[in-house]
Structures are given as structure tokens and as C-alpha cells.
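Counting starts at 1 for both ligands and their atoms, in listed order. The shown structure was predicted, so the numbers you read here are calculated from the model rather than taken from an experiment.
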Amino acid sequence: MGNLTVARIIDFDVKTISDVTGRLAVLVTPEGELSPAARSANRLCKGALARMVEGDGLSKAKAGDVVSLPWPAGLDIKALDVVVLPKRPSQSELRSAGAKLAARAGEAALTLMAGSLIKVEELALGFALRAYSFDAHKTDAEAHQPELIIAHKKPTEVQGAVDTAMALAEGVHMTRDLVSEPANVLTTTEFANRLVEMQELGLEVEVLDEDALEELGMRTLLCVGQGSDSPSKVVVMQWKGGAASDAPLALVGKGVVFDTGGISLKPAAGMEDMTMDMGGAGTVAGTMRALALRKAKANVVGLVGLVENMPSGNATRPGDVVKTMKGDTVEVINTDAEGRLVLCDVMWYAQERFKPTAMIDLATLTGAIIIGLGHENAGVFSNDDAFCNSFLAAASAEAEGAWRMPLGSAYDKLLKSNVADMKNIGGRPAGSITAAQYLQRFVQDGTPWIHLDIAGVASVASGTEFSPKGATGWGVLALSRLVQDNYEAE
Ligand code: BES
Ligand code: MN
Ligand code: ZN
């Protein structure tokens, strides 16, 4: 993954401070109490740190903030980063501090004198998430690997947790890379190839080509891709970290590598943003990567439907009637409501083949969810309160915005068609809910299911605390936590 942070853990020894180059970070409590390493650094820089703390240098700083002293005399560093953290910092304070350190570090290596700081892996995760950039197509960008050196009193005990944090960051970075790639690079074939590469990590990966999908009867998925020169594909990724007898959790992702709208063509303004219409598949891929890298003790299967929605002489027309793998027929009123046509077949296949214990689909499905929730929360739809609550708890623990939306038969009526079993759109009112109602028709009785409409959160116009503007990787952390808290044996 492009510029994943290299995190190195070394033995904590204050005597090494004078040898540090790049940037040096030391800990100070919000009350202004210097850690042992901060005291050593203060001596070396002739009391500059104490003068700052005793002056009003930290007056506006709260837990999780960083205040920097550039080019301090007496030290061989670019800056001394003063990390404001209480003795028992929270996860969010640690991640926040890590993100702020990364934003300042730039090209410089950062040495953090962590001492016996608890949960230092959370700081490392915040650092790695914020250090991301997507420079694959900038010819003058020099490849730069962010470097975080953590000096800790218990290096061997900290190592495992930091490795896990870096596994999560790598998953998030993969999602962001996929979402950021333009559609001429990330074709359906290239996407599938990148997933096949994950076999190296112990995932079983299969690619179903158009002949196989035709054979399975995935006509609605195929009808979306039939106007494109890029072949439609379904990729199945299996992580078998649990007991052989445990039914897997299924993750299903919408992977529209570009959404022109098809014959129901989108307007030109902003159409370039539809390179991110594979965000659901991107999150499924990044989550599978994180689970494999951290060797999750659970069975999880990830399925993505990869298609390109293009207009052509061979494209699906408004009014066409198409049969789903389930056997129901759909009148395609609007070819721009293509995500649900892809998902319904992949969801059905996932249930028929894997009999999953539960299923979550992720999709940049509707513009309407952006109108409703903006870029702060994904829309969460579910047929099962307990399952839904466990996801909401995981998302909240990872500070990934998620808000439950309603389902109901009154909304479902809006999908009635005169010529087929259903239409693929329900009109403008409650556009995100009718999309979810459509999907629910493809959830089998007894399968706990969550639909995540991530159109607003997969990519954002201005940067967030943990990501530069563009792809966020939303959902990888929440899904990994959901798996850890609910499906992994102790
Ligand atoms: N991919 C879009 C939804 C979308 C919009 C994602 C903006 C990210 C940002 C989806 O395929 C779509 O076009 N939905 C239509 C549905 C409508 C035709 C019922 C929409 O939201 O306008
Ligand atoms: Mn569309
Ligand atoms: Zn779309």
C-alpha cells in the first residue's frame, strides 16, 4: 500500500535523545507535567521546553494536541513535538495525537519517546491513517515512506499491538487506494487482479467471469455491465480464521468502477466523482485485507460485484425487464439505479452458497443519503435490531459515523411495477429507503442483514482528522471491530 507508515519499536533509553534526527516527540500532561524523556529533552535544549510549558505555550492545548518547538538549540532535530496526553489517555486522544504528529512530520522520521505509555498502538494507528497520500499518478512525487520510531519500555509487549494497528491501517489504505484510482486504471479486470494478489496473505480468492455469472443467472448484475468493454466479474474472498463448522459473516460490496448512469446518463458536472462508485467493494477488500493481516480468528467471506455502467448500443434501456438470480423480474426504469441491480444478485449468491450467519452489504448507493445525512454518517438499514446495534456500537467505538434509517412495507409498495415483479426505483421521496427496500427483497428469511449506504462517507471533499481529502476508507475499522467483538473466539 503506497505510503504505509513503517513503525519500528525500540528500547526506551533517554540517553539516545541526543542522537535523534528528524523530529522528536515527548509527552507532557495537560497539567504541564513533563515525562522523564521530556525532562531530558528540556535539559538538552537548555530549558526551552519548560519555558514553553510554564509560559502560555500549552494554554490552548487539550489532551491529544501537539505543540511544536522548531529547530531547538542543543538538539540535532527539525522540531521537538510536545504531545499533550494525560497519564491514562483515551483511544480518541491517542489517535488524535498520532494524526497530528503525522500531519506535522512531512518527510521527516519521527521518534516518539513513549516511555511506558499505554495503548501506544492507538497513537501509531492515528499516525498511519493520517500519513496517507495518493500520489500514484503525480509524476514529480517522490515515493516517501512515513517513519515512526517508538521508544518504549516494554518493546516486545507493545510490538504485537502495533502490528495489529498497522494491519488495520494497511486495510484502510487499500480501500483508499482503490477508491482514489481513476476508472481507466481500476478497470474491473485490474480490480479483480488486485484482489487475487491478496492470496499471498492467506485469503482464498476466486474470480467468476461473465460465462460463470450467466450460468448462475445473475442477469441483473450482467445487464449493468453489458454496455461496457470491461467484462463484469464477481470476486469471492474467503478468510477462514475460525472453526470449520462456523458459518461465515458475509460482506457484499457494490463495485461499479465507473457510473455514467448508463442510458439514463448523468449530467456532466461532477460525473468524474463516479470513479468512487466502487467504494462498497473497496471497503470489503480493505476489510478482508485487515482481517487477513491481523489473522482474525473468524470466518468471513467478502464478495464484490465489479461492473462498469456505460451507455452503448448494447446497453440496458429504461423499460427493459431483466431476471435476477433469485428468479424475480425487474423493470429497469432508470439505468442509473444500477447498484441495487448488482447487489441483489451478489447477495443472493452469497446466501445460496455460504449460508452466512449474517450479511452486510456496502454500497455508494444513493445521492439521497447525502441529502439526508451529509458526509458525517453512513445510512444503516437492518432487519435485525441486535445485529444492527452491534454494528452501531463498533462504528461508534471507531468514531466512524453511522445512523440507523427505517425500513417498512409502506416504502416497499413504491417498487410496484405494471409489467414485472418490481421496478428498480421508487421515485424521489425516501430514495435511500426504497433502495434498501429493493435490496431487502433479496435477503432470505432468517438472515440478519445490514445495508450500509456509504455514498456520503466513502469520499469527502475536505480532509478529516484521519484522512486527507478524497477517499476515507470508512468502514474498515468498524467492520474489523465488529468481527473482533462478535465473531472471534477468545
Ligand atoms: N452511484 C450513484 C449514487 C451516488 C451519488 C454515489 C453521489 C455517490 C455520490 C447511484 O448509482 C445513483 O446514481 N443513484 C441514483 C438513484 C436514482 C436514479 C433512483 C441517485 O441517487 O440519483
Ligand atoms: Mn447510478
Ligand atoms: Zn452508482
Mind checking whether the Mn ion (ligand 2) has an N, O or S of D277 under 2.8 Å? no
Measuring from the Zn ion (ligand 3), name the closest N, O or S atom belonging to D277. OD2
Quick check on the Zn ion (ligand 3): does D259 put an N/O/S atom closer than 2.8 Å to it? yes
Is K254 close enough that one of its N/O/S atoms sits under 2.8 Å from the Zn ion (ligand 3)? yes
Can a side-chain donor-acceptor contact be found between K100 and S96 if the only test is distance below 3.5 angstrom? yes
Shortest protein contact, [atom] (heavy atom only):
atom                    : answer
atom 9 (C) of ligand 1  : M274 CE, 3.5 Å
atom 2 (C) of ligand 1  : D259 OD2, 3.6 Å
atom 19 (C) of ligand 1 : I425 CG2, 3.4 Å

Full working for salt bridge (charged side-chain N to carboxylate O under 4.0 Å, His left out) between R441 and D412: CA-CA 9 Å; R441 290 174 176 229; D412 199 64; 2.9 Å; yes
Could you tell me whether K254 approaches ligand 1 through its side chain, its backbone, both or neither, with non-hydrogen atoms closer than 4.0 Å? side chain
Counting heavy atoms under 4.0 Å, the part of N309 that contacts ligand 1 is neither
Any non-hydrogen protein atom less than 4.0 Å away from atom 22 (O) of ligand 1: no
Pairwise distance CG(L203) to CD(Q238) - rounded to 0.5 angstrom: 9.5 Å
For E376, is the CD atom crowded, meaning more than 12 foreign heavy atoms sit under 6.0 Å from it? no
Decide, yes or no, whether a salt bridge links E214 with R219 under the criterion of side-chain N to carboxylate O below 4.0 Å. yes
Does the pair R294 and E121 meet the rule for a salt bridge (charged side-chain N to carboxylate O under 4.0 Å, His left out), with working shown? CA-CA 14 Å; R294 72 168 181 77; E121 68 278 7; over 6 Å; no
